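Take a look at the structure set out below.
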Amino acid sequence: LVLQLSDREEAKQALVISIAYNLLKAYGPDKIAIEVVAFGPGIDLLRAESPNRAQDDSLIAQGVQFDVCMNTVDTLERAGKHVNLNPKAVKVQVGVARILALTEKGYTLVRP
């Protein structure tokens, strides 16, 4: 399953986290593969100082992968805005391309 996060809103971030927890609870971590792909304003979830950091790290420990779009990070840094990422986030060059690659492999895309 791919969870797309392209929104900055805390409610959307909380929803993505909640869905991941609920799916792990329903299926078990060994029965479902979950990737959260964050791009655009959605990368705020994967900043080191995110208020959701503990929940992100807990999900990562249970096998959820959090991908961060490096095109977004590069754009922000060229504009002079330093981005301090959660070191457990997986860097992908293009977030949308990662989503496409996963859906081509049979993953279902969910955009809360």
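We number each residue from 1, following the sequence as shown. If you're wondering where the values come from, they're calculated on a predicted model, not measured in any experiment.
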Test side chain to side chain contact (heavy atoms under 4.5 Å, CB included) applied to [X] - qualifying residues, sequence neighbours left out:
| X | answer |
| --- | --- |
| Ser6 | Gln4, Phe39, Arg111 |
| Asp44 | Arg8, Gln13, Arg47 |
| Ala48 | Arg53, Asn84 |
| Glu10 | none |

Drop me the distance from [X]'s [atom1] to [Y]'s [atom2], to the nearest 0.5 angstrom.
| X | Y | atom1 | atom2 | value |
| --- | --- | --- | --- | --- |
| Thr103 | Leu1 | OG1 | CG | 11.5 Å |
| Ile43 | Asp67 | CD1 | CG | 13.0 Å |
| Cys69 | Gln93 | SG | CD | 7.5 Å |
| Leu5 | Ile19 | CG | CD1 | 10.5 Å |
| Phe66 | Ile17 | CZ | CD1 | 6.0 Å |

At their closest point, which heavy atom of [X] faces which heavy atom of [Y], and how far apart are they?
| X | Y | value |
| --- | --- | --- |
| Val83 | Glu77 | N-OE2, 3.3 Å |
| Gln55 | Tyr21 | O-OH, 3.4 Å |
| Pro112 | Leu15 | CB-CD2, 3.4 Å |
| Leu45 | Asp56 | O-OD2, 2.8 Å |

List the steps, then state whether side-chain contact (heavy atoms from CB on, under 4.5 Å) holds for Leu24 with Leu59. CA-CA 9 Å; Leu24 287 173; Leu59 286 167; 3.6 Å; yes
Say whether, by atom type as modelled, one donor and one acceptor occur between the side chain of Ser58 and the main chain of Ala54 under 3.5 angstrom. no
So which of Thr75, Leu85, Val92 actually passes side chain to side chain contact (heavy atoms under 4.5 Å, CB included) with Met70?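 It is Leu85, the one option of Thr75, Leu85, Val92 that forms the side chain to side chain contact (heavy atoms under 4.5 Å, CB included) with Met70.
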Any link between Val64 and Leu102 through a network of hydrophobic side chains (Ile, Leu, Val, Met, Phe, Trp, Tyr) touching at under 4.5 Å? no
same_hphob_cluster(Val16, Val110) at 4.5 Å side-chain heavy-atom cutoff: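 Yes.
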Under 3.5 Å donor-acceptor pairs involving side-chain atoms of residues 30-37, not counting sequence neighbours:
residue : atom : partner : partner atom : Å
Glu35   : OE1  : Gln65   : NE2          : 3.4
Glu35   : OE1  : Arg98   : NE           : 3.2
Glu35   : OE1  : Arg98   : NH2          : 3.2
Glu35   : OE2  : Arg98   : NH2          : 2.7

I'd like to check the side chain to side chain donor-acceptor pair (under 3.5 Å) partners of Glu104; sequence neighbours left out, ordered by chain and number.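 With sequence neighbours excluded, Glu104 shows a side chain to side chain donor-acceptor pair (under 3.5 Å) to no residue whatsoever.
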